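Quantities reported herein were computed from a predicted structural model and do not represent experimental measurements.
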Amino acid sequence: MIDADPPLRLDPTDTAKESGALPRDSDSGGAAKISPMIAQYREIKTANPGSLLFYRMGDFYELFFEDAEIAAKALGIVLTKRGKHQGDDIPMCGVPVERAQDYLHRLIGLGHRVAVCEQVEDPADARKRGGKSVVRREVTRLVTPGTITEDTLLDPARANRLLAIARAPQSDGAWSFGLAALDISTGEFVVSEALEAALEAEIARIDPAEIVVPDALLETPGVPRACAAVRAPLTPLGRQSGEGASAERRIRDYFGLATLDGLGGLSRAEIAAAAAALFYVERTQFSARPALSLPRRLGCETHMAIDAATRANLELARTLTGTREGSLIGAIDRTVTAAGGRLLAERLAAPLTSVKDIARRQDAVAFFIEEPGLRRDVRPTLKAAPDLTRAVSRLALDRGGPRDLAAVRDGLIAAAALAEALGLAPALPEELREAGAAAGAVDALLAARLGDALAESLPLQRRDGGFVRAGFDAGLDECRALRDETRKVIAALQARYCELAETRQLKLKHNNFLGYFLEVPQAQGEKLLRAPFEATFIHRQTMADAMRFSTADLAELEVRISSAADEALSREQAIFTELAGLVLAREADIRRAAEGLATIDVAAGLAELAADADWTRPEVDASLAFAIEAGRHPVVEAALRRDGETFVANDCALSGVVGKGGRIAVVTGPNMAGKSTYLRQNALIAVLAQMGSFVPARRAHIGVVDRLFSRVGAADDLARGRSTFMVEMVETAAILNSAREKSLVILDEIGRGTATFDGLSIAWAVMEHLHEANRSRALFATHFHELTQLAKRLDRIDNLTVRVTDWNGEVVFLHEIIAGAADQSYGVQVAKLAGLPAQVVARAKHLLAEFEAADRVRRSDRLVADLPLFSASNAVERASDPAAPPEQAPARDPLHEAIDAIDPDELSPRRAIEELYRLKRIRAGQD
């Protein structure tokens, strides 16, 4: 455990003088008295259940009782005891105010909520009320995973969304779920609607940092299950968020609207969710009011549906180990701004289904590819642009600092430069034309004003002062001069008075009795008593050889010098408030400029990637096409390039005909040959194409995929009591129940988690259902070579295999996909490559030869005859066809009949032995 700063530092002007700040037992030996401070602490804690209370005491935030025990363990800081309550020691720990954000980051990362309780009264004012008065404190903010705004607590390239879920009944009696996702750090506010079947996919797309739901929804099994897939903290909301008219009123009041008609016809569920989100924001931010955009409706039909399991399997935003490096976003992100990184992640999370909108994004990328000089010029300018939206949001919440003002200044300067550069470019595509116009919409005078006001070196907090440039405000400069250069001020003043008194013998001095005064020799003093000097110089004291005078200015100087530091800081705070007000007055324009910068950054970054990695523009239309020539896996290829190796490209043809369905490819081959990579790369190419990116292929023609499903690899879900096979079956069931003709399905090794024939039977039935019922374009990798026989019976199934060669007894993987089926699994050879002992490998080869010889008779075409397609329907067809040969009854088996006739519960020990001998005799007769 780390021994952090001492757990308690009491400010002598504050808590040390609060009566009873440290509780003590009663001297009388009776019931312990509750100290005023502990009484205050417990009252505030009771009003904020479920949160760790950061209780401000001087320069520290202190935690007491159970909160202290939790925080000490979570943060690795010393748990101590201070005072007693009801006869027991009070556990206590503390964190210094200046390092509070670091500790908050760790607590929020562990899923805790923190109530920040500040001193809202000066300790001196508290003492005026009486010796036993306690400084007033109030909770000013609840810090939760979904409501943080500090840069140090946020991932710059990832949105930090709070998701509220509500529901409303439909006309058919079913429930519709509304989802409201807002990001306080940027002001983004989006609502959508989904049925329960699509709820998990929609939550996975949003990828929230925190989810809030009314208590009633927690009792609906589908909602907690859908929320659990993203593993975000789930917070009960109670019923205070309101429904119906109260929900509409909450939205109108927050945004100052007379009606919600202008928001695009929000549904009842969406209105309820938006109101719930706003209620939670108001409850956690107290008097602070986040600057949120008006709720924007996003229909589920506008983007490709990708459920949580598929996102995890394809490692779109993070790998299975939870890291960004090695994921698709990590491989394609060439953005240079935080806002651009967030927009890229948003587009990757929700690939479009509109052919027109996809082409619009592709046009922007293509433009920057065709204009490499302009691309090289804009990227350094973009890189110099700070995070405008988060800076403005902090200023709106009154949590901003001087560096946020500087971020606005620098961001606006970059936006103006980019707008000018794009304005000079010929034939600008629509998306970039709009982005450039938005970037240049902010008045240049605002950036100039901020530039004039802000110093070169800026503190983090405005309370530190020193952020206003010298020369910007004359009054501030004078205060600073008095504060920092008192001697120079006094010397200048002395010189002025010498000139007025017409003598060089005047001295400006100070003592505790007179304060600042002027001293001159006796002869000179007599002159100052006469006109016109007596109007300026006021006689104060006569000495034996000198006389002392004062002036009105000197009387003020005493006060001004003593308060100069406070006045300088106060003037700086006023200037900060003025500048922040100027920024917030242009908030809407600044946010549009920030969006424009992000759009330009994403397009330029994707163009940089396409040019560097030789990616091509895919053709996307409304057909069932899926034709990839020389496709590559973007993440694997990038890793190989770093090692100086080349990725083996492969084609993929799954194109179908609307109304008949897409093709299904059965991919066989040994482990380590590249089947899973092949499956994933084609799914990722579809995602990249529909997000508006170029793709890693020589050519690509893709009909819009409305839903993407992937079941690649599995693991136990111990928290839900599910085995690997159960997880596999649940995910497969979701695919078969949801996939449609325009969907793309990726399945890898279905059925491998159970006994061989059980798994083969399931895989066989899944293939039949995909072909006949779902009719989706699909890739199906398997080690069940028997499944390749389905291509003889089902017209839209193709067999593919991975080329492997055996060189001098060693297996060599060529990673090339060709038509056909694998002739063997090469499992023993792969085991040898993995380092199994030689004797184990030799024994495995011997056993494999025996097993293959015994099983050879039952394989090949006979299996197809034994496992007819849709056996129930075939039986009906056979019964209606008089020419069909009769089915043969299964052969009689006396041994199995004898076993079936035994009832173990009715057997005595003696009878059980007799039955066992009888079975052995039947077995001997069969032999």
Side-chain angles (χ1 to χ4, degrees), residues 650 652-654 663-679 682 711-714 725 728-729 732 745-772 778-806 811-834 841 844-871:
N650 284 293
C652 182
L654 302 176
R663 302 198 70 80
I664 301 174
V666 178
V667 187
T668 55
N671 288 318
M672 299 293 294
K675 299 193 304 298
S676 295
T677 298
Y678 177 71
L679 266 61
N682 288 292
R711 210 228 66 79
V712 182
F725 180 66
E728 177 184 310
M729 290 298 98
T732 304
V745 177
I746 307 297
L747 293 172
D748 189 10
E749 305 293 357
I750 292 297
R752 66 179 173 182
T754 186
T756 301
F757 287 110
D758 281 351
L760 174 57
S761 301
I762 292 170
W764 189 287
V766 167
M767 286 281 291
E768 290 178 344
H769 195 278
L770 278 174
H771 187 276
E772 298 299 317
L779 287 165
F780 195 108
T782 184
H783 278 294
F784 296 131
H785 297 164
E786 293 83 356
L787 293 180
T788 61
Q789 300 301 317
L790 279 169
K792 299 178 180 179
R793 305 182 59 123
L794 304 179
D795 60 351
R796 296 197 318 279
I797 289 184
D798 301 313
N799 289 326
L800 302 176
T801 188
V802 188
R803 284 189 63 192
V804 178
T805 186
D806 195 333
V811 63
V812 178
F813 303 119
L814 301 179
H815 306 296
E816 182 181 344
I817 304 295
I818 59 175
D823 56 354
Q824 57 178 306
S825 293
Y826 294 95
V828 175
Q829 289 88 337
V830 173
K832 180 180 179 182
L833 290 176
V841 174
K845 286 182 177 179
H846 176 73
L847 293 173
L848 176 62
E850 292 187 358
F851 293 153
E852 288 179 340
D855 193 51
R856 191 170 292 117
V857 179
R858 293 179 295 173
R859 297 179 60 193
S860 192
D861 293 336
R862 288 185 55 192
L863 182 60
V864 178
D866 292 339
L867 297 176
L869 172 64
F870 294 127
S871 57

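When atom types are taken as modelled, the side chain of T801 and the backbone of T668 share a donor-acceptor pair closer than 3.5 angstrom. Side-chain atoms of N650 come within 3.5 Å of backbone N or O of I817 as a donor-acceptor pair. Not one N or O on the side chain of K675 forms a donor-acceptor pair closer than 3.5 Å with the backbone of V667. Of the possible donor and acceptor atoms, one in the side chain of E749 sits under 3.5 Å from a partner among the backbone N and O of H783.
Scanning both residues, C652 and N682, for their nearest heavy atoms gives CB-OD1, 3.2 Å.
The distance from atom CG of L790 to atom CH2 of W764, rounded to the nearest 0.5 Å, is 4.0 Å. Taking CE of M767 as the start and CZ of F784 as the end, the distance is 12.5 Å to the nearest 0.5 Å. For the atom pair CG of L787 and CG of N799, the computed distance is 9.5 Å after rounding to the nearest 0.5 Å. Here the CG-CG distance, from L779 to L679, works out to 5.0 Å after rounding to the nearest 0.5 Å. K792 contributes atom NZ, which lies 4.0 Å from atom CD of Q789 (distance to the nearest 0.5 angstrom). One finds the CD1 atom of I664 at 9.5 Å from the CG atom of D798 (value rounded to the nearest 0.5 Å).
Listed by chain and number, the residues in a side-chain contact (heavy atoms from CB on, under 4.5 Å) with T677 are H633, V636, F647, Q681 (sequence neighbours excluded). Residues that satisfy the side-chain contact (heavy atoms from CB on, under 4.5 Å) test with H815, not counting sequence neighbours, are V648, F813. For A653, there are no side-chain contact (heavy atoms from CB on, under 4.5 Å) partners at least two apart in sequence or on another chain. Under the side-chain hydrogen bond (donor to acceptor under 3.5 Å, both in side chains) criterion, T788 pairs with no residue at all, not counting sequence neighbours. The side-chain hydrogen bond (donor to acceptor under 3.5 Å, both in side chains) check on R796 picks up nothing, with sequence neighbours excluded.
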Dump the intermediate steps for side chain to side chain contact (heavy atoms under 4.5 Å, CB included) on I750 and R711, then the final yes or no.
-> CA-CA 8 Å; I750 292 297; R711 210 228 66 79; 3.4 Å; yes

Kindly determine whether I797 and H771 satisfy side chain to side chain contact (heavy atoms under 4.5 Å, CB included), including the steps that lead there.
-> CA-CA 8 Å; I797 289 184; H771 187 276; 3.8 Å; yes

Test log, rule side chain to side chain contact (heavy atoms under 4.5 Å, CB included), inputs L814 and V804 | CA-CA 6 Å; L814 301 179; V804 178; over 6 Å; no

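For the pair I818/L800, no side-chain contact is recorded, criterion being any heavy-atom separation below 4.5 Å from C-beta on. Taking the side chain as every heavy atom from C-beta outward, D748 and F780 never approach each other to under 4.5 Å.
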